[in-house]
Amino acid sequence: MPAVRQYLRIAVRWRYVILSAVASCFLLGLVVTLLMTPQYTAMATVEIARESSKVTGIEGVEREATAFDQEFYQTQYGLLRSRALAERVANKLRLVDDPKFFERFKYTRESMAFRLVNGRYPAAGRDERQRIAGEILLKNLSVDPMRFSRLVSIGFNSPDATLSAQVANAWAENFIQTNLERKVQATAYGRNLLERQLVLQKQKLDESQRQLVSYASQEQIINLPAQSGGAGTTAERSIVADDLATLNAALAQATTERIQAEAQYRQAGRAGESTEALRNIAINNLRQKRAELAADYQRLMVQFEPEYPAAKVLKSQIDQLDRSITREEGRVTGSQLAEYREAQEREKALQAKVDQLKVSFLDTRRRSIQYNIFQQEVDTNRALYDGLLQRFKEIGVAGGVGINNISVVDAADVPQKPSSPRLLINLAVALFAGLGLGALLAFALEQMDEAFADPGEVERRLGLPLLGSVPKVGSDKTPRGELLDRKSELVDAYLAVQTNLAFTTEHGVPRSLAVTSTRPAEGKSTTALALATTLTRANRKVILIDGDMRSPSVHHLGGVSHDRGLSNFLTGDNEIASLTFEMKDFGFTAMSAGPIPPNAAELLTGNRLSLLIERLLETYDHVVIDSPPVMGLADAPLIASRVEGVVYAVESHGIRSSMVKTALARLASANARIFGGVLTKFEARRAHYGYGYEYGYGYGRNDKTNT
C-alpha cells in the first residue's frame, strides 16, 4: 500500500505530463489510422488429416503421422509458409507479370526487371520478379492453426478484396497439389530405388544358391525337400537321418517283440502255465479228457481198490494222457524258445545297423555345418528378395492411386469490409500507449527532480527529523504581518515547529539555537523571527541575534540601523546593552549584525561568540541566532558549533536535495547538532497526493510568497 500511494502521488504531481502524453498519442493514433490504406483479409480453411484415406490396403512410401505427431503438423505449417509455394501461387495467378500487383503493395525499385516496355515487364527479369512476388505474398500471408483440431486458416491481407480471396484460395489449392506431387515423387523415387535393390539382391541370391549346390556336391550331402518354414525358408531333411529314424523305429519294435518273446518263453518253462499253453486247443482237449477219466477213477476208488481191473484201465489211460499233455507242452515251449531267439537275433542286427547309421549321421552333421550356413544365406537372400519384390509391386499399385490427406473445408470469400485499420482498437492502443509513455515520463521526471515536493521527502531524502512545514506567504502579505496576526496559518505552522522542537532536548526547547539553510532566500530569517516570536508568546525571554554579518536583515524588522551589533562584541566591545534593541511589536530583544567586517569568519573563530551566548543566557531564556547560509561560507558551521543545535530550513520546490546533503555534510564535519528540518514556502496544491490534508488545514488556500 505505501508503494501504491507513492505512485498515486507521482501521478497526481505529473498529471499534466501524463495527460499531455495521452492526448498526443491519441491524436497521433487517430491521424495514423485515418491515413492508413484499408486492408482486406480473406480466409480459407483447410483440414490436414493425420492419416490418409486409403483407397487400397497398401501403404505409401511416406510414414503416416501418429496420434500425437506434433512434428508432422509443424512440418505442414512450415510447408504452408514455404518460398516455393509462394512463387508457385504468384505464377498461378500471373502476378509476376502484373504491374498493378506491385503497385498495390507500393513496391518501387529501380531495376531492369521492373522497367516497363510497351506497358509490360521484360521477360529477362522474370526470375527476380518471381522471387519478389513470393516475398510480398509471404509477408502478407497468415497461417493460423486452430487449437485442438486439424483445421488451419490461411489468410491473405491486401488492399484489394478480390485479390485477397484469390490468393487465399490459390494458396490452399496449390498446397494440396504440391502435397500430392511430393507423394508421387516419393513413390517414384522409392520404386527406382527398389528396382536397383532387386537387381543386386537377385545377384546375391543366385550366387548363394550356386555356392550351396557346389558344396553339397563336393561333400556328397543329399537332402530331400520338406515342407516350407513359417518364415519363408525351406526346411530340408537328410537321407541318412530318414534311414536312421526308420531303423530306430524298427529297432524299438524289435526290442519290444524280443521282450515279449522272452517273457512268454520264461513263462512256458513253469509247468505249462504259459499263456500259449493255456490257449493251445490240443492241450486243452487232452486236459479235459484226463479230467473226465480222473473223475471216473475217483468214483471207482470209492468202491474198489486200485488193483481193480477197471480201475487199472482208467489209471493207464490217465497216465497216457499225462504223457501226451507233457509232449504238447514241450512242443509249445520249444516253439516259444525259437521265437525268442529269432527276436533276439533280429534285435541285434537292427542295433548294429542303427549304430552304423549313427556314425554316418554324425559325420553328415559335421559336414553339414557349413552346408547349413550356406543354406541360411540362401534363405535370407531369398526372403529379402521376395520382400523387395512384394514392396516393389505394392508401390507400383499405390503410385497409380491419388491419396491425399489435405482438403479444403471453407473456400475464401471476397471480404465485404476492410479488416484494418480498426479505428476503435487503434485508438484504444494509442490511449494505452499514451498512458504508458506518460507514466514512464512521470517516473523519469520524478527521478530527475531533486526538489522537495512534500514534507515527507525531508526525512526520506535527508534523514532529518521533520519539525514542520510552513506555508508560502502570498505577495500581498509579508511574513512580519502574518506573524503579528495570531490567527494566521504561518503562526499555526511555527507553533507546531516549536512544539516539535520541545522534544529535541531533555530540557525542552533548546536554550541556544541557530537557524540556517543551504542558500539565501529559503526562509531561514523568517523561521528565526517566528521561533523568537512564538517563544516570547509562551512567556519566555528571548533574544534574536542577526548572525549573518555579510547580509544582515534583522535590523530592517526593528527599523534601526546596524551600526552597532554582533560584530562589535566580537571585536571586543563588552557593552551588550548598547548592542541590542527592542522589537516592541513582537515583544523580544534583538541584536543586529553590526558593521559588516572585512572577514566575518575570522571574528567567529575565536571564543567571543561562545562568551556572548553564555552571558546572554544569564539574562534570557533562549538565544536564537539567524545564521548565514551554509554553502560557500564558513560562518554557519562556526556558529553551529557554538550553540546547542541547528534548525535547518529547506525551501519547498526551490532547492535540490544534493545541495542540501552537501551542506548538511559540512555541518556534520563541524560537529554541529541538527535538531531537524523545517520545510518552508510549502504549497499543498503542488505537493504529492494527500498532503493538503496531512500537513495542516487550509495551507493551499492562499498564493503567498515568503521572503
Side-chain angles (χ1 to χ4, degrees), residues 450-470 493-532 534-535 542 544-548 600-601 604-605 609-610 612-613 617 622-652 654-682 695 706:
E450 295 187 8
F452 294 90
D454 57 65
E457 292 182 350
V458 174
E459 185 172 0
R460 185 169 61 253
R461 293 186 179 184
L462 304 178
L464 289 180
L466 179 65
L467 298 177
S469 58
V470 180
Y494 278 113
L495 283 175
V497 174
Q498 176 191 333
T499 301
N500 291 328
L501 196 59
F503 295 101
T504 58
T505 65
E506 296 180 355
H507 52 273
V509 179
R511 296 197 64 194
S512 63
L513 58 94
V515 180
T516 187
S517 63
T518 304
R519 65 184 183 183
E522 286 195 67
K524 63 176 182 60
S525 297
T526 300
T527 301
L529 177 63
L531 289 176
T534 56
L535 288 172
V542 182
L544 174 62
I545 300 175
D546 190 351
D548 192 353
L604 294 172
T605 54
L609 180 59
S610 300
L612 174 62
I613 294 173
L617 289 178
H622 301 282
V623 176
V624 179
I625 301 177
D626 180 11
S627 174
V630 177
M631 295 302 292
L633 303 174
D635 303 5
L638 292 173
I639 295 174
S641 63
R642 302 296 191 271
V643 295
E644 287 188 57
V646 177
V647 174
Y648 203 91
V650 180
E651 182 183 2
S652 175
I655 186 70
R656 298 197 306 271
S657 60
S658 58
M659 294 181 62
V660 179
K661 290 179 181 179
T662 303
L664 292 175
R666 292 192 63 189
L667 293 178
S669 63
N671 296 322
R673 179 183 179 186
I674 302 175
F675 294 126
V678 177
L679 186 65
T680 61
K681 303 180 184 181
F682 175 64
Y695 288 95
N706 281 8

*Which residue, T527, T534, T526, forms the side-chain hydrogen bond (donor to acceptor under 3.5 Å, both in side chains) with Y494?*
T527
_Assess the residue pair T662 and M631 against the criterion (side chain to side chain contact (heavy atoms under 4.5 Å, CB included)); give the C-alpha distance rounded to whole Å, side-chain angles, the decisive distance to 0.1 Å, and a yes or no._
CA-CA 8 Å; T662 303; M631 295 302 292; 4.1 Å; yes
_Can you see whether E651 engages T680 through a side-chain donor-acceptor pair at a distance of less than 3.5 angstrom?_
no
*For a side chain to side chain contact (heavy atoms under 4.5 Å, CB included) with I625, tell me which candidate from L612, L544, I613, L513 qualifies.*
I613
_Identified side chain to side chain contact (heavy atoms under 4.5 Å, CB included) counterpart of L638 within the set L604, L609, L633_ = L604
Closest approach of [X] to [Y] (non-hydrogen atoms, all atoms of both residues):
| X | Y | result |
| --- | --- | --- |
| R666 | A634 | NH2-CA, 3.9 Å |
| G468 | N500 | N-ND2, 4.4 Å |
| S469 | A493 | O-CB, 3.5 Å |
| T505 | R673 | CG2-NH1, 3.8 Å |

In Å and rounded to the nearest 0.5 Å, what is the [atom1] to [atom2] distance from [X] to [Y]?
| X | Y | atom1 | atom2 | result |
| --- | --- | --- | --- | --- |
| Y648 | L464 | OH | CG | 8.5 Å |
| T516 | E522 | OG1 | CD | 9.0 Å |
| S627 | L667 | OG | CG | 8.0 Å |
| L531 | H622 | CG | NE2 | 10.5 Å |
| K524 | T518 | NZ | OG1 | 11.5 Å |
| R511 | E644 | CZ | CD | 8.0 Å |

Below 4.5 Å, heavy atoms only, C-beta onward: do [X] and [Y] meet side chain to side chain?
| X | Y | value |
| --- | --- | --- |
| V515 | V646 | no |
| T499 | L467 | no |
| L462 | K661 | yes |
| P628 | I639 | yes |
| T504 | P510 | yes |
| P455 | F682 | yes |

_Could you walk me through whether V647 and V678 satisfy the side chain to side chain contact (heavy atoms under 4.5 Å, CB included) test, starting with their C-alpha distance in whole Å, then the side-chain angles of each, then the deciding distance to 0.1 Å, before giving a yes or no?_
CA-CA 7 Å; V647 174; V678 177; 3.7 Å; yes
*Is a donor on one side and an acceptor on the other found under 3.5 Å between the side chain of D626 and the backbone of D546?*
no
